[in-house]
Enquirer: 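Quick one: the structure is below, questions incoming.
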Amino acid sequence: MADAALATALAARALDWIVPRWDAPARVHALMTTRNGGASCGNEASLDVGGAHFQRDAADPLAVAENRRRIETLLPTAPVWLEQVHGRGVIAIDAANVDLLRASPPRADALVTRCNDVVLAIRVADCVPVLFAARDADPVIGAAHAGWRGLAGGVLEATLAAMAAPPASVVAWVGPAIGANAFEVGHDVVDAFCAGDPGAHAHFVARTGGKFLADLHALARRRLRRAGVVDVHADDSCTFADAARFFSFRRDGATGRMAALIWQAGP
């Protein structure tokens with residue numbers, strides 16, 4: 001079930017950000033920003049959360065800092081961000097390393113933690129955000145940035161392994177990403193997914209010129225279920241198709257980034 005209190009807080013601020021509709025434990029909270037509600041201008045308008053080192057490489061670092069401040073008013077602590085590299089690396093956060101990781105974003109594409117009030121954050125603009133929560137006696141959460149390379153390379157499976165929870169106890173949410181009618185790829189992408197799973201070919205539609213349309217949402221759900229996660233929820237909104245609500249790298253090139261965030265409150 002969606003987090004009603006968080007959804008109410010967003011509505012009170014007239015924000016169209018997304019609260020996942022999933023069966024996570026009551027103490028787990030999550031949200032995904034859209035491109036709306038911020039201070040950025042131009043192609044990054046208006047809620048660009050920037051890169052890992054936004055103060056160094058953002059088009060408007062002051063606007064990104066303000067955007068992150070606005071997000072943090074809804075969070076228990078400042079998030080841990082990543083320097084995302086489209087791989088399968090996972091960072092485990094604990095009380096000993098959380099401050100260092102907040103100050104210096106690590107190079108990886110997923111995060112897990114058992115700590116209370118530690119916010120995991122990933123950035124997307126067409127790639128698939130996937131959030132995880134375990135429903136067992138040892139609560140653990142995770143967040144993964146799954147572009148096609150990371151997805152084919154096993155970032156979701158690596159996140160589950162780092163969570164060290166029985167996959168059947170995990171609930172996952174697959175968020176908005178570039179849709180099946182917009183993501184054109186070549187044979188290399190098809191081969192990357194089908195080499196170890198010929199059935200994945202069902203999620204590619206052949207086009208002329210040796211091109212295919214790829215359904216990243218379906219591929220993410222397939223990999224989760226093959227890994228043993230049976231409780232999978234999704235928002236299949238297409239970032240490419242909805243320019244009013246989402247940033248899209250494939251559509252716009254230079255653009256902003258949205259954030260998907262998850263944390264668990266103390267008992």
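Side chains included, hydrogens not; waters and symmetry mates left out as well; all remaining heavy atoms used.
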Enquirer: What residues form a side chain to side chain donor-acceptor pair (under 3.5 Å) with Asn181, not counting sequence neighbours?
Expert: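 Side chain to side chain donor-acceptor pair (under 3.5 Å) check on Asn181 returns nothing, list empty.
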Enquirer: Check this for me: Phe212, atom CZ, are more than 12 non-hydrogen atoms of other residues, nucleotides or ligands nearer than 6.0 Å?
Expert: yes
Enquirer: Determine whether Val118 and Leu101 fall in the same hydrophobic cluster, where Ile, Leu, Val, Met, Phe, Trp and Tyr are linked whenever their side-chain heavy atoms lie under 4.5 Å apart.
Expert: yes
Enquirer: Do we see a donor-acceptor contact under 3.5 Å between the side chains of Asp126 and Thr239?
Expert: yes
Enquirer: Look at atom CZ of Arg13 and say whether more than 12 heavy atoms of other residues, nucleotides or ligands are closer to it than 6.0 Å.
Expert: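 Correct, the count exceeds 12.
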Enquirer: What residue pairs, at least two apart or across chains, pass salt bridge (Lys or Arg N to Asp or Glu O under 4.0 Å) with a residue in residues 251-267?
Expert: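 Non-adjacent pairs meeting salt bridge (Lys or Arg N to Asp or Glu O under 4.0 Å): zero.
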Enquirer: Going hydrophobic residue to hydrophobic residue with side-chain gaps under 4.5 angstrom, can you get from Val174 over to Leu160?
Expert: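 Same hydrophobic cluster.
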Enquirer: Kindly give the heavy-atom pair with the smallest separation between Ala234 and Asp236, and that separation in Å.
Expert: CB-OD1, 3.6 Å
Enquirer: Same cluster or not: Val130 versus Met163, using hydrophobic residues (I, L, V, M, F, W, Y) connected whenever any side-chain heavy atoms lie under 4.5 Å apart?
Expert: yes
Enquirer: With a 4.5 Å heavy-atom cut-off, do Ser237 and Asp242 have their side chains touching?
Expert: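 No, side chains not in contact.
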Enquirer: Would a 4.5 Å heavy-atom cut-off, applied to side chains only, mark Ser40 and Asp60 as touching?
Expert: no
Enquirer: For the backbone of Ala254 and the side chain of Asn43, can you confirm whether one donor and one acceptor N or O come within less than 3.5 Å of each other?
Expert: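 Yes; judged by distance alone, with no hydrogens or angles, the pair exists.
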Enquirer: Determine, using the 4.5 Å side-chain heavy-atom cutoff (strictly less than), whether Leu224 and Val90 are members of one ILVMFWY cluster.
Expert: yes
Enquirer: With clusters built from Ile, Leu, Val, Met, Phe, Trp and Tyr whose side-chain heavy atoms come within less than 4.5 Å, directly or transitively, what are the remaining members of the cluster of Leu15, listed by chain and number?
Expert: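 ILVMFWY cluster around Leu15 also holds Leu6, Leu10, Trp17, Val19, Leu31, Leu47, Val49, Ile71, Leu74, Leu75, Trp81, Val119, Leu261, Trp263.
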Enquirer: Could you tell me whether the side chain of Val28 reaches within less than 4.5 Å of the side chain of Pro25, counting heavy atoms only?
Expert: yes
Enquirer: Are Val124 and Phe249 co-members of a hydrophobic cluster defined by side-chain heavy atoms under 4.5 Å apart?
Expert: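 Cluster IDs for Phe249 and Val124 differ.
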Enquirer: Taking only residues two or more places apart in sequence or in another chain, which ones pass side chain to side chain donor-acceptor pair (under 3.5 Å) with His29?
Expert: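 Residues passing side chain to side chain donor-acceptor pair (under 3.5 Å) with His29: Asp3.
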Enquirer: With Asp235, which residues qualify under salt bridge (Lys or Arg N to Asp or Glu O under 4.0 Å), at least two apart?
Expert: none
Enquirer: Which pairs with one or both residues in residues 73-86 pass salt bridge (Lys or Arg N to Asp or Glu O under 4.0 Å), sequence neighbours excluded?
Expert: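 Matches after skipping sequence neighbours: Glu83-Arg107.
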